[in-house]
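Reviewing the structure listed below.
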Amino acid sequence: MKRFLIALIAALWAGIASAQVAIQQNPTHLDAATAVAFAQAAAGAASTATITVPSGQYAYITGIGIDLAQNATGAVVTNVNTTAMVNVSGGPQWSFSCVATANTNCVGVRENFPVPLKSAAPGTNVSLTATPSAQSQFTVRIYYYVAP
Amino acid sequence: MRKFAFSLVALLALALPAAAQNVCGSQGACVQQVPTRPDAAIAVQMGTNTGTVNTQSVATVSVPGGLFAYVTGIYLDACGNATGSASTNVNFTSTGLSGNPSWSFSATAANLTSTCLRLGDSFATPLKSSAPGTNVVITSPAATTNTGYTIRVYYYFAP
């Protein structure tokens, strides 16, 4: 009976392993980003991405991506800044200019932080708002994890 | 009973690896089970005159006495207005970093008309400032008629 049980467990284990394809033999990456605060409002409207930070925890930001895309009409964007990021010491901002070309993407933001950026106060949300001109649309992505 | 205990241990062995990854609260917010990261950047030093055309931007990280700034990233924007100005071999310069590196660009007026150039670096291992208590300063090119400059320096302080 004992042998049967051992064989059964081994068979189950092998079954699970064979059902999962190409698993990296690497431990859980505990400081991996686990979520993305994402916002995409309609053209001309403000996009606000918000990280909801649980009490006693901080947000660790591992990357920021911001797209600025013109709609089918297009309008010039001249030296527009995002608002200051909320609950990040220093309140970083990002700047944009863009020609009025219909259906065109402007130069976006791609910032990656191998060493993450930690929010300022625990249990306080982090947010970033970007407001475009009438005929363009901001998309904001903040990659993060939450930890003490 | 022995069989039951054996089965229970086996089930726990299968379930534990998944449960150890993170803890999710009742609101769905998951907390990574990783300790506080003491080398995370905890502040961003913005330059002056963010995105304002015809001004120079200067970002000054004021380093307390006896400490160093550990820079984890430097990102720089140069955004032109609807007129645009040419820039020829201009630099964002630095002080307080060993070697005082610069970031350079050139652009035609057309290449800086209603568009942005983005420069910068991020570091898997932080860049330590050159001397304790000495500020790290990043300075944009001189004021340019139709270009606004934005500087972000990500950092923390430590011995």
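Numbers restart at 1 for each chain; the letters A, B, ... are given by sequence-line order, proteins then strands.
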Inter-residue atom distance A:Gln57.CD - B:Gln32.CD, 0.5 Å rounding: 10.5 Å
Separation between OG of B:Ser122 and CG of A:Leu117, rounded to the nearest 0.5 Å: 12.0 Å
N/O donor-acceptor pair under 3.5 Å between [X] side chain and [Y] backbone:
X	Y	value
A:Ser97	B:Gly80	yes
B:Arg37	A:Pro116	no
B:Asp77	A:Phe96	no

Side chain, backbone, both or neither of B:Thr113 within contact of chain A (heavy atoms, under 4.5 Å): backbone
Chain B contact via [X] - side chain, backbone, both or neither, heavy atoms under 4.5 Å:
X	value
A:Val80	neither
A:Cys98	both
A:Val88	side chain
A:Thr78	side chain
A:Val99	both

[X] vs [Y] side-chain heavy atoms within contact, under 4.5 Å:
X	Y	value
B:Ser114	A:Val77	no
A:Trp94	B:Arg152	yes
A:Lys118	B:Thr36	yes

If hydrophobic clusters are built by linking Ile, Leu, Val, Met, Phe, Trp and Tyr wherever their side-chain heavy atoms come under 4.5 Å apart, do [X] and [Y] end up in the same one?
X	Y	answer
B:Leu67	B:Val136	yes
B:Tyr149	B:Trp103	yes
B:Ile138	B:Leu127	yes
B:Ile151	A:Ile64	no
A:Ile61	B:Ile42	no

Pick from [options] with the largest number of heavy-atom pairs that fall under 4.5 Å of chain B:
options	value
A:Ala120, A:Gly90, A:Pro54	A:Gly90
A:Gly91, A:Ser119, A:Gly108, A:Ala35	A:Gly108
A:Ala32, A:Pro92, A:Ala84	A:Pro92

Heavy-atom contacts under 4.5 Å, residues 129-148 of chain A to chain B: A:Tyr145, A:Val146, A:Ala147, A:Pro148
Mutual orientation of the aromatic rings belonging to B:Tyr154 and A:Phe113 [parallel < 30°, tilted 30-60°, perpendicular > 60°]: tilted
Non-neighbouring partners of B:Tyr155 that pass ring-ring contact (aromatic ring centres under 6.0 Å, His included), sequence neighbours left out: B:Phe157
Pair A:Glu111 + B:Arg118, salt bridge at N-O below 4.0 Å: no
Test side-chain contact (heavy atoms from CB on, under 4.5 Å) applied to A:Ser95 and B:Thr50, step by step: CA-CA 8 Å; A:Ser95 302; B:Thr50 294; 4.0 Å; yes
Chain A contacts, top residue of B:Ala124, B:Cys79, B:Pro126, B:Ala78 (heavy-atom pairs, under 4.5 Å): B:Cys79
Option among B:Asn146, B:Val53, B:Thr150 that satisfies the side chain to side chain contact (heavy atoms under 4.5 Å, CB included) test with A:Asn79: B:Val53
